[in-house]
Amino acid sequence: MEKQTLARLRTAKSAGRKFATLTAYDASLARLAEQAGIACLLIGDSLGNVIQGRSSTVPVKIEEMAYHTRCVGRGTRHCFLMADMPFLSYARPEQALANAAELMRAGAHMVKLEGGAWLAETVRQMSERGIPLCAHLGLLPQSAIKLGGYRMQGTAPAAAQQILEDARCLEQAGADMLVLECVPAQLAKTITAALRIPVIGIGAGPHTDSQVLVAYDALGISATPPKFAKNYLAHADSIQAALALYADEVTRGTFPDTAHTLC
Ligand code: KIV
């Protein structure tokens, strides 16, 4: 695999070529993912759930994100690395700049932030200062306690319109990518077509430019995987083959199928 850059991922979008994204938290899995042809690795704060055994991502600290980003970076030379900014590490622009710098010094090529139009000023300041960043809309796991659980978002017309407007606003402010989590497939399709930046979906149907899964869901390790996730290890005889199958299905556009699309 050639070295993945933001420019390459943007070109993939404009050429209509889908790319695969997977979470990774350590060097060994990062190496296997790279060999499997997965373009983009997300050092997700889902590590709070799957590594630390917590019930939400809220307790995850910036130094833990930096530690896992360094671990993943040692396992890959070619994947594009995106690291989550944890809960309340970007509540104010100056704080966001300092914490993003910590993740980029640890090896992240991009940082990801959860939230809508309220983040526009922070995104603008980060973008102007040269920080590549990914916005995250739809289901926001860091706000799950306030939202009352892990639920599909954007099902009512007004809520769908709000997510579309937030997406446009954050692209305008300087976001370089967007993750859309647990929104209806039709809404994800509309947003993907409306934006120039690559859109990565999770539980958002088949029409986005990329798909991401939590690696522990994709490998059948999670105790309670979401309905949209697929256990690729159940269809392969090794982790390497399972990751290659995932990369292949995403790039060919056959994952998610209807069985793994929520609505
Ligand atoms: O932390 C994570 O794994 C994520 C994905 C759910 C997109 O943000």
Side-chain angles (χ1 to χ4, degrees), residues 9 19-26 29-30 33 38-62 64-69 71-72 79-90 99-100 103 108 110-116 119 133-145 147 149-154 163 167 170 175-183 188 191-192 197-205 208-219 221-222 224-230 246 250 255-256 260 262:
L9 299 177
F19 59 91
T21 303
L22 186 72
T23 70
Y25 317 104
D26 66 77
L29 194 90
I38 292 169
C40 186
L41 295 179
L42 168 64
I43 300 98
D45 61 355
S46 51
L47 67 86
N49 305 107
V50 298
I51 303 278
Q52 299 175 342
R54 301 182 187 275
S55 58
S56 87
T57 57
V58 167
V60 176
K61 299 191 188 83
I62 188 78
E64 293 167 342
M65 293 308 305
Y67 169 81
H68 285 279
T69 300
C71 293
V72 168
C79 293
F80 188 74
L81 302 187
M82 186 192 306
D84 261 331
M85 298 197 62
F87 181 63
L88 286 194
S89 66
Y90 50 96
N99 285 323
L103 294 181
M110 168 176 272
V111 296
K112 177 163 81 61
L113 301 80
E114 296 181 11
L119 268 177
L133 57 103
C134 179
H136 183 150
L137 293 170
L139 172 59
L140 308 180
Q142 292 172 12
S143 308
I145 300 172
L147 291 172
Y150 296 87
R151 302 215 170 97
M152 196 78 179
Q153 303 292 312
I163 294 173
L170 292 169
D176 302 284
M177 270 203 229
L178 173 68
V179 164
L180 274 182
E181 180 164 359
C182 291
V183 299
I191 293 174
T192 303
I197 58 175
V199 177
I200 304 174
I202 174 163
T208 50
D209 305 305
S210 177
Q211 298 288 330
V212 60
L213 282 179
V214 170
Y216 283 43
D217 295 339
L219 295 175
I221 302 170
S222 302
T224 52
K227 287 202 189 93
F228 58 76
K230 177 167 170 181
Y246 168 63
V250 172
F255 176 80
H260 298 95
L262 299 177

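Every number for a ligand or one of its atoms is a count from 1 in the order of the listing. Just so you know, these numbers use all the heavy atoms, side chains as well, and skip hydrogens, waters and symmetry mates.
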Using atom types as modelled and distance alone, determine if a side-chain donor or acceptor of D176 lies under 3.5 Å from a backbone N or O of L133. yes

Under 3.5 Å, is there a donor-acceptor pair between the side chain of S222 and the main chain of T224? no

Indicate whether the side chain of S46 and that of Y25 have a donor and an acceptor atom separated by less than 3.5 Å. yes

Could you list, one pair per line, each nitrogen or oxygen of ligand 1 together with any protein nitrogen or oxygen closer than 3.5 Å, giving atom names and the distance rounded to 0.1 Å?
unit_1   : atom_1 : unit_2 : atom_2 : d
ligand 1 : 1 (O)  : D45    : N      : 3.2
ligand 1 : 1 (O)  : D45    : OD1    : 3.1
ligand 1 : 1 (O)  : S46    : N      : 3.0
ligand 1 : 1 (O)  : S46    : OG     : 3.3
ligand 1 : 1 (O)  : D84    : OD2    : 3.0
ligand 1 : 3 (O)  : S46    : OG     : 2.6
ligand 1 : 8 (O)  : D84    : OD2    : 3.4
ligand 1 : 8 (O)  : K112   : NZ     : 2.8

Where does the angle between the aromatic ring planes of Y246 and F255 fall among parallel (under 30°), tilted (30 to 60°) and perpendicular (over 60°)? perpendicular

Regarding H136 and K112, do their side chains bring together a donor and an acceptor under 3.5 Å, going by distance alone? yes

Is it true that a side-chain atom of E64 and a backbone atom of K61 form a donor plus acceptor pair closer than 3.5 Å? yes

